[in-house]
S.K.: 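Please find one structure pasted underneath; my questions will follow.
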Amino acid sequence: MREAHLAIYEKYDCFNWLIEKKKAGEVKNIGFSFHDNAAFLDKVLTKYPFVDFVQLQLNYLDWDNESIQSRKCYEVAEKHGKKVIVMEPVKGGTLAKLPEEAEAVLKSHNSDVSVPSWAIRFVASLPNVFMVLSGMSNLDQLRDNIKTMDNLTPLTKEENRLIKEVVAIINKGAAIPCTGCSYCTDGCPQKIAIPKYFELYNAEMQEAEGKGWSPQIAYYENMIKTFGKASDCIGCGACEDVCPQNLPITRYLKSIVKSFEEVEN
């Protein structure tokens with residue numbers, strides 16, 4: 001679900017239709033897959049409290065990503081007492097093959113477990129998660145996932161600290177070294193959400209090669225309903241004048257356009 005979808009669901013009375021199906025015993029639980037921000041999720045769950053579960057994009061790399069809002073969405077579901085199905089726990093394979101420095105951090109702690117098993121355990125350790133959907137492309141990956149879940153042990157405090165260290169290493173190699181200070185946004189005449197778009201772009205560049213699709217595009221399409229598009233940039237340079245990192249922001253925005261606007265959905 002995205003904000004643009006809600007009006008369609010309400011127009012065709014989809015929620016009441018689901019309630020009737022549940023009453024008739026034709027469905028056991030009512031839920032939806034969600035691809036939007038935490039504030040909108042809170043609005044939906046407040047308006048439709050009978051929802052039993054939500055499916056969220058959760059993984060340790062997106063956990064504190066302000067554009068994707070994995071943690072914030074999970075916390076909203078938790079506040080409303082909703083169970084969570086996890087999608088993208090290994091981020092399309094991105095968290096199965098880490099940079100050497102990041103992999104070394106995990107292997108030094110436990111060399112007997114696989115790198116992707118850390119990603120599975122991260123989301124499976126969350127109290128409100130009752131199902132983890134993991135894409136697998138061969139029998140070894142299937143066996144590894146079964147082994148991880150059959151013998152599931154929640155992450156320890158030390159293991160959570162190591163995951164934060166891994167995230168820092170991955171983000172250190174971000175395509176756009178934006179710190180998210182947002183000094184650039186106040187003076188932008190086009191109201192472009194520059195740091196948010198840069199964060200999405202960095203997440204896009206971290207995706208595993210050959211994945212074939214991108215959830216970041218959906219998040220971008222949500223944001224441009226509120227903020228100016230990257231292609232709205234007029235090149236005035238007001239953002240670059242105040243950027244503490246002296247980033248070539250207008251040039252980076254062209255990369256955003258190429259990645260998120262000049263693509264076939």
Side-chain angles (χ1 to χ4, degrees), residues 1-22 26-95 116 119-120 122-137 145 149 196 199-200 203-204 206-208 211-226 260 263 265:
M1 178 188 290
R2 289 191 264 166
E3 189 163 6
H5 298 155
L6 183 59
I8 299 172
Y9 300 153
E10 291 179 334
K11 177 181 177 180
Y12 293 102
D13 203 22
C14 292
F15 288 103
N16 283 323
W17 179 81
L18 284 170
I19 290 174
E20 292 304 315
K21 291 293 183 183
K22 186 174 181 179
E26 296 179 37
V27 298
K28 292 183 178 179
N29 294 288
I30 298 172
F32 52 82
S33 180
F34 189 77
H35 297 271
D36 214 309
N37 61 63
F40 177 59
L41 179 60
D42 190 41
K43 174 183 174 181
V44 174
L45 294 180
T46 299
K47 190 172 184 179
Y48 300 104
F50 55 80
V51 169
D52 299 302
F53 71 89
V54 290
Q55 182 171 301
L56 299 174
Q57 177 173 326
L58 301 181
N59 58 71
Y60 65 72
L61 190 57
D62 291 332
W63 188 244
D64 287 313
N65 184 307
E66 187 56 33
S67 298
I68 297 173
Q69 298 192 352
S70 282
R71 176 179 57 80
K72 289 184 177 180
C73 286
Y74 172 79
E75 289 171 350
V76 167
E78 190 174 40
K79 182 183 82 170
H80 287 271
K82 307 305 179 185
K83 292 297 183 180
V84 173
I85 295 176
V86 175
M87 57 183 165
E88 293 286 298
V90 194
K91 200 170 171 63
T94 300
L95 302 181
I120 298 295
F122 176 82
V123 293
S125 297
L126 298 170
N128 272 36
V129 167
F130 78 96
M131 185 180 297
V132 179
L133 305 179
S134 175
M136 295 162 281
S137 56
N145 280 353
M149 294 301 289
K196 293 181 182 294
E199 194 169 27
L200 278 182
E204 178 75 356
Q206 291 165 346
E207 292 280 11
K211 182 177 178 180
W213 64 281
S214 166
Q216 280 73 236
I217 293 176
Y219 287 102
Y220 180 76
E221 290 174 348
N222 291 337
M223 288 183 190
I224 61 177
K225 293 180 175 67
T226 303
F260 297 142
V263 293
N265 293 325

S.K.: For the residue pair Y74 and W63, does the interplanar ring angle fall in the parallel (under 30°), tilted (30 to 60°) or perpendicular (over 60°) class?
M.R.: tilted

S.K.: A side-chain contact here means heavy atoms from C-beta on lying under 4.5 Å apart; do L200 and I68 qualify?
M.R.: yes

S.K.: If every non-hydrogen atom of L58 is compared with every non-hydrogen atom of V86, which pair is closest and at what distance?
M.R.: O-CG1, 3.5 Å

S.K.: Counting only N and O atoms by type, is there a donor-acceptor contact under 3.5 Å from the side chain of S67 to the main-chain atoms of E199?
M.R.: no

S.K.: Do L41 and Q69 make a side-chain contact, defined as non-hydrogen atoms from C-beta onward lying under 4.5 Å apart?
M.R.: no

S.K.: Taking atom CG of L61 and atom CZ of F122, what is their separation to the nearest 0.5 Å?
M.R.: 10.0 Å

S.K.: Does a donor on one side chain sit under 3.5 Å from an acceptor on the other, for Q57 and D62?
M.R.: yes

S.K.: Testing the basics here: between R71 and D64, what is the closest heavy-atom pair and its distance to 0.1 Å?
M.R.: NE-OD1, 2.7 Å

S.K.: May I have the step-by-step check of side chain to side chain contact (heavy atoms under 4.5 Å, CB included) for V90 and S134, ending in yes or no?
M.R.: CA-CA 7 Å; V90 194; S134 175; 4.2 Å; yes

S.K.: Please report the closest heavy-atom contact between V129 and A124, naming both atoms and the distance.
M.R.: CG1-CA, 4.5 Å

S.K.: Is K22 salt-bridged to E26, cutoff N-O under 4.0 Å?
M.R.: no

S.K.: Side-chain contact, heavy-atom cut-off 4.5 Å: S33 with M87?
M.R.: yes

S.K.: Return the minimal non-hydrogen interatomic distance between R2 and F40, and the atom names on each side.
M.R.: C-CE2, 3.7 Å

S.K.: Starting at CD of E204, measure out to OH of Y220 and round the result to the nearest 0.5 Å.
M.R.: 12.5 Å

S.K.: Kindly indicate whether the side chain of F32, heavy atoms from C-beta on, has any atom under 4.5 Å from the side chain of C14.
M.R.: no

S.K.: Enter the distance from H35:NE2 to L56:CG here, rounded to the nearest 0.5 Å.
M.R.: 9.0 Å

S.K.: Roughly how far apart are E78 CD and L126 CG, rounded to 0.5 Å?
M.R.: 8.5 Å

S.K.: Can you see whether E10 engages Y48 through a side-chain donor-acceptor pair at a distance of less than 3.5 angstrom?
M.R.: yes

S.K.: Looking at K225, I want to see if its NZ is surrounded by more than 12 non-hydrogen atoms of other residues, nucleotides or ligands under 6.0 Å.
M.R.: yes

S.K.: For a quick test of reading the model, state the closest non-hydrogen atom pair linking K91 to A203 and the distance between them.
M.R.: CE-O, 4.0 Å

S.K.: For D52 and I30, indicate whether the former's side chain and the latter's backbone hold a donor-acceptor pair under 3.5 Å.
M.R.: yes

S.K.: Is the distance between the ring centroids of W17 and Y12 less than 6.0 Å?
M.R.: no

S.K.: Are any of the side-chain heavy atoms of M131 and Q55 separated by less than 4.5 Å?
M.R.: no

S.K.: With a 3.5 Å cut-off and no angle check, do the side chains of H5 and D36 form a donor-acceptor pair?
M.R.: no

S.K.: Between N128 (side chain only) and K82 (backbone N and O only), is there a donor and an acceptor less than 3.5 Å apart?
M.R.: yes

S.K.: Is there a side-chain contact between V54 and V84, using heavy atoms and a 4.5 Å cut-off?
M.R.: yes

S.K.: Counting neighbours of NZ on K43 that are heavy atoms of other residues, nucleotides or ligands and sit closer than 6.0 Å, is the number greater than 12?
M.R.: no

S.K.: Locate the shortest heavy-atom distance separating V27 from L18; write the atom from each residue and the value.
M.R.: CG2-O, 4.1 Å

S.K.: I want to check something: taking the side chain as every heavy atom from C-beta on, are I120 and V132 in contact at a cut-off of under 4.5 Å?
M.R.: yes

